[in-house]
Amino acid sequence: MSRSMEKIVALCKRRGFIFQNSEIYGGQNGFWDYGPLGTELKRNVRDSWYHDMVAAHNELVAPESAPSKYQMVGVETSLIMHPQVWKCSGHYDLFHDMMVDCRETKSRFRLDQIRCRTVRFEGETVKQDGTEATLDRVMVTSTAEDFEQDLTDQALKAFGKKKKYADRLQWEGDVSTLDKVDVEQFANVVAPGATKAGTLTAPREFNLMMKTIIGALGTDDDAAFLRPETAQGIFVNFKNVVDSSRVKLPFGICQVGKSFRNEITPRNFTFRSREFEQMEIEFFCRPDESAGWYKYWRDRRYQWYLDLGVSQDRLILRDHHAEELAHYSVGTADIEYAFPFLDEGEFGELEGVAHRGDFDLRSHMEGKLARNADGDLAVELNDDGKPKHRGSGKDLTYFDDQAKERFLPHVIEPSAGADRATLAFICEAYHEDQQPDEKGKMQERVVMQFHPRLAPVKAAVFPLIKKEGMPEKAAEVFGALKAAGLSCQYDQQGAIGRRYRRQDEIGTPYCITIDGDTMQDDTVTIRDRDSLEQTRISVQDVVAEVTGRLGSV
RNA sequence: GCGGAUGUAGCUCAGUGGUAGAGCACCACGUUGCCAACGUGGCUGUCGAGGGUUCGACUCCCUUCAUCCGCUCCA
């Protein structure tokens with residue numbers, strides 16, 4: 001079986017799943033459009049998620065393996081939020097990085113992460129890139145953890161000296177970081193790992209948040225951002241939801257919606273896009289119960305993909321290592337899929353389940369948090385001792401009227417990518433197999449083996465031939481399926497085998513054919529996409545048979 | 001952002017400094033009638049975009065956009 005990404009992308013385009021955005025104008029890097037079938041598919045992904053997580057959740061019964069009963073509600077919040085939201089959440093600071101590229105080593109660095117120090121070596125010189133000049137004083141750099149040692153190594157390497165001459169280096173000034181160095185000086189800087197000086201480009205700002213302007217006469221003062229995640233819309237509405245909807249801890253607030261990030265390198269089809277859709281849950285619970293809920297959501301969300309047909313061989317639940325954790329996170333697990341565009345043994349993130357403690361609610365209460373010298377989270381202060389980004393000042397604590405306690409809930413965040421999930425389901429569905437044609441000769445078949453709940457078209461209806469009343473009868477059956485709310489296609493074009501193959505290629509699970517017998521005894525055949533098995537059923541049972549086979553949708 | 005490759009019909013691809021091609025798909029008619037059938041006929045192109053060289057550019061040159069691969073980046 002070949003799962004080459006190229007073939008999957010071609011099929012997506014050919015059959016109207018996914019198109020390049022603005023394609024007739026040459027395309028737009030990092031943006032994709034869903035065609036008719038892709039729209040149905042993605043809607044089924046979203047609907048399945050919302051149905052399984054929220055709509056069908058019974059708050060009166062504790063699911064097996066859940067620590068207790070819980071409630072689930074939804075919100076739908078605006079794409080653009082108050083700019084202060086992003087300052088307090090930490091996105092504003094973290095998304096604005098000054099970066100430099102090295103022309104020699106082809107590597108890219110965050111300016112503030114490069115340590116540097118000026119050095120000379122007894123009249124020895126270093127070549128300058130792009131000129132004939134030789135320098136007797138250069139600034140060496142390091143991104144290593146042990147930068148003191150690394151700076152020494154870099155300096156010796158630059159001057160072409162052996163390690164034993166380390167004590168003959170003449171250092172000037174203290175170790176600094178490159179963001180504090182004037183750009184004019186960059187010609188004398190030896191980049192990490194480089195052999196010549198002056199290979200760094202001028203620093204460029206990488207603004208990962210998408211900026212926009214509010215107001216018809218908007219100036220830069222009216223700058224706002226398109227949200228880089230939907231989660232903050234939930235956090236800032238936490239109090240509203242608690243005050244308005246009689247929810248009691250533990251409960252989750254869910255949201256499905258678009259988010260935007262200026263990814264540096266959009267790549268791999270829809271996997272890394274600049275506009276993408278998230279399906280997020282922020283689950284609020286008592287701090288002392290948070291570990292149990294974290295485990296519950298990890299397993300629950302992993303199982304969700306398996307239940308929708310993703311094979312266990314290609315789906316992993318991976319706990320982050322301690323050093324991989326974001327500064328606020330107590331624990332994070334990724335649900336990852338072995339996409340065909342990745343190397344063997346590599347996985348791409350579909351969803352992150354994070355234990356976020358009280359970080360988010362606290363941030364919006366008190367202001368932007370950062371780790372202090374003791375390693376505790378505290379409001380980040382400016383040099384003048386005032387909060388760097390002031391919070392809302394609103395009380396976001398929760399009063400537990402059973403325990404008579406007031407506290408800040410902890411949060412478990414299962415954050416799924418709707419486009420990534422859709423892409424994973426597409427990749428997972430793609431199969432090539434051999435099926436016999438009418439002469440019994442084996443023919444290559446492309447079949448999208450979508451789980452029936454996700455299949456963009458649930459059933460297709462064919463009259464075996466275009467006359468003898470069959471099209472009319474087929475139209476009746478088609479009408480009944482449509483009236484039942486099922487996404488269906490009617491096709492009387494071409495040979496029957498070709499019509500089956502067309503449906504296989506878009507993953508339609510069931511094909512219903514009206515033939516000569518139908519006209520006699522009012523029965524039709526229903527053909528299964530994966531087994532090719534045909535069963536004869538009564539016309540009046542068609543809707544019940546199809547909905548029955550589809551299961552709960 | 002860097003390096004390499006690619007871009008021609010709906011799809012897969014050929015092509016040459018001198019009138020744009022094939023197969024498949026699609027549509028119509030006929031024949032057949034349950035797994036990519038056959039016959040006949042038909043439709044389809046800003047040769048990714050912009051500029052330059054040339055009498056003439058799909059072809060040569062420059063720029064640009066997009067996709068893929070490798071680096072890099074990814075709170």
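Reminder, nothing fancy here: chain letters follow the sequence lines and each chain counts from 1.
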Participant: With heavy atoms under 4.0 Å as the rule, sort A:F462 into base, sugar-phosphate or nothing.
Facilitator: nothing
Participant: Between B:U63 and B:C74, how far is it from one P atom to the other, in whole Å?
Facilitator: 30 Å
Participant: Check the phosphate of B:C74 against A:N262, side-chain N and O only, distance under 4.0 Å to OP1 or OP2. Yes or no?
Facilitator: no
Participant: State, with a plain yes or no, whether a side-chain heavy atom of A:E351 is found less than 4.5 Å away from one of A:Y305.
Facilitator: yes
Participant: For the pair made of CD1 in A:I114 and C1' in B:C73, what is the distance, rounded to whole Å?
Facilitator: 14 Å
Participant: Starting the side chain at C-beta, find the nucleotide from B:C11, B:C34, B:C69 nearest to A:T513.
Facilitator: B:C34
Participant: Send over the distance from A:F19 CZ to B:A66 P, rounded to a whole Å.
Facilitator: 20 Å
Participant: With a 3.5 Å limit on both atom pairs, tell me what B:U64 is paired to, counting Watson-Crick and G-U wobble, or say none.
Facilitator: B:G48
Participant: Using atom CD1 of A:I514 as one end and atom P of B:C34 as the other, report the distance to the nearest whole Å.
Facilitator: 15 Å
Participant: B:C65, OP1 or OP2 - any side-chain N/O from A:N29 closer than 4.0 Å?
Facilitator: no
Participant: Honestly, is A:R420 close enough over A:F271, meaning NZ or CZ under 6.0 Å from the six-membered ring centre and within 45° of the axis?
Facilitator: yes
Participant: Would you confirm whether the ring centroid of A:F341 sits within less than 6.0 angstrom of the ring centroid of A:F269?
Facilitator: no
Participant: Would you tell me if any nitrogen or oxygen in the side chain of A:Q20 comes within less than 4.0 Å of OP1 or OP2 on B:U67?
Facilitator: yes
Participant: Is a donor-acceptor contact shorter than 3.5 angstrom present between the side chain of A:R498 and the base of B:C35?
Facilitator: no
Participant: Using atom P of each nucleotide, how far apart are B:U8 and B:U67 to the nearest Å?
Facilitator: 15 Å
Participant: Please determine, for B:C55, whether a Watson-Crick or G-U wobble partner exists with both distances under 3.5 Å, and give it or none.
Facilitator: B:G18
Participant: Say we look at B:A9 and B:A5: how far apart would their P atoms be, to the nearest angstrom?
Facilitator: 22 Å
Participant: Less than 6.0 angstrom from the centroid, inside 45 degrees of the normal: does A:R527 satisfy that with respect to the ring of A:Y500?
Facilitator: yes
Participant: Checking only heavy atoms, does the side chain of A:Q534 share a donor-acceptor pair with the base of B:C34 at less than 3.5 Å?
Facilitator: yes
Participant: Considering only the C1' atoms, how many Å lie between B:G23 and B:C65, rounded to the nearest integer?
Facilitator: 30 Å
Participant: Do the side-chain N or O atoms of A:Q493 get closer than 4.0 angstrom to the phosphate oxygens (OP1, OP2) of B:C27?
Facilitator: yes
Participant: What is the distance, to the nearest angstrom, from the CZ atom on A:R445 to the C1' atom on B:A36?
Facilitator: 12 Å
Participant: For the backbone of A:T332 and the side chain of A:Y294, can you confirm whether one donor and one acceptor N or O come within less than 3.5 Å of each other?
Facilitator: yes
Participant: Under 3.5 Å, is there a donor-acceptor pair linking the side chains of A:E229 and A:S415?
Facilitator: no
Participant: Determine the interatomic distance between P on B:A14 and the same-named atom on B:G51; round to the nearest Å.
Facilitator: 28 Å
Participant: Paired with B:C71 by Watson-Crick or G-U wobble geometry, both distances under 3.5 Å: which nucleotide is it?
Facilitator: B:G1
Participant: Please output the side-chain donor-acceptor pairs of residues 8-19 of chain A that fall under 3.5 Å, not counting sequence neighbours, one pair per line with the distance.
Facilitator:
from  : atom 1 : to     : atom 2 : distance (Å)
A:K13 : NZ     : A:E23  : OE2    : 3.0
A:R14 : NH2    : A:E505 : OE2    : 2.3
A:R15 : NH1    : A:E505 : OE1    : 2.6

Participant: Measure CG/A:L464 against P/B:G33 and give the value in whole Å, please.
Facilitator: 10 Å
Participant: Starting at the 5' end of RNA chain B, which residue's closest nucleotide do you reach first, A:F276 or A:R499?
Facilitator: A:R499
Participant: Send over the distance from A:R15 CZ to B:A25 P, rounded to a whole Å.
Facilitator: 13 Å
Participant: Taking the minimum atom-to-atom distance to the side chain of A:R267, which one of B:A66, B:G70, B:C74 wins?
Facilitator: B:G70
Participant: For the C1' atoms, the ones on B:U64 and on B:C24, what distance do you get once it is rounded to whole angstrom?
Facilitator: 33 Å
Participant: Taking for each residue the nucleotide of RNA chain B bearing the nearest heavy atom, is the 5' side occupied by A:V446 or by A:G30?
Facilitator: A:V446
Participant: From B:G33, B:U12, B:C35, pick the nucleotide closest to the side chain of A:A10?
Facilitator: B:U12
Participant: Looking only at non-hydrogen atoms, find the nearest pair between A:K42 and A:D419 and report the distance.
Facilitator: NZ-OD1, 3.0 Å
Participant: Take the protein atom CD of A:E432 and the nucleotide atom P of B:A36, then report the distance between them rounded to whole Å.
Facilitator: 17 Å
Participant: Does B:G10 have OP1 or OP2 sitting under 4.0 Å from an N or O in the side chain of A:K13?
Facilitator: no
Participant: Given the C1' atoms of B:C29 and B:U19, what is the spacing between them in whole Å?
Facilitator: 32 Å
Participant: Can you tell me the Watson-Crick or wobble partner of B:A28, both distances under 3.5 angstrom?
Facilitator: B:U40
Participant: OP1 or OP2 of B:C26 sitting under 4.0 Å from any side-chain N/O of A:R502?
Facilitator: yes
Participant: Between A:D515 (CG) and B:C34 (C1'), how many Å, whole number?
Facilitator: 8 Å
Participant: Would you measure the distance from the P atom in B:C69 across to the matching atom in B:C13 and give it in whole Å?
Facilitator: 15 Å
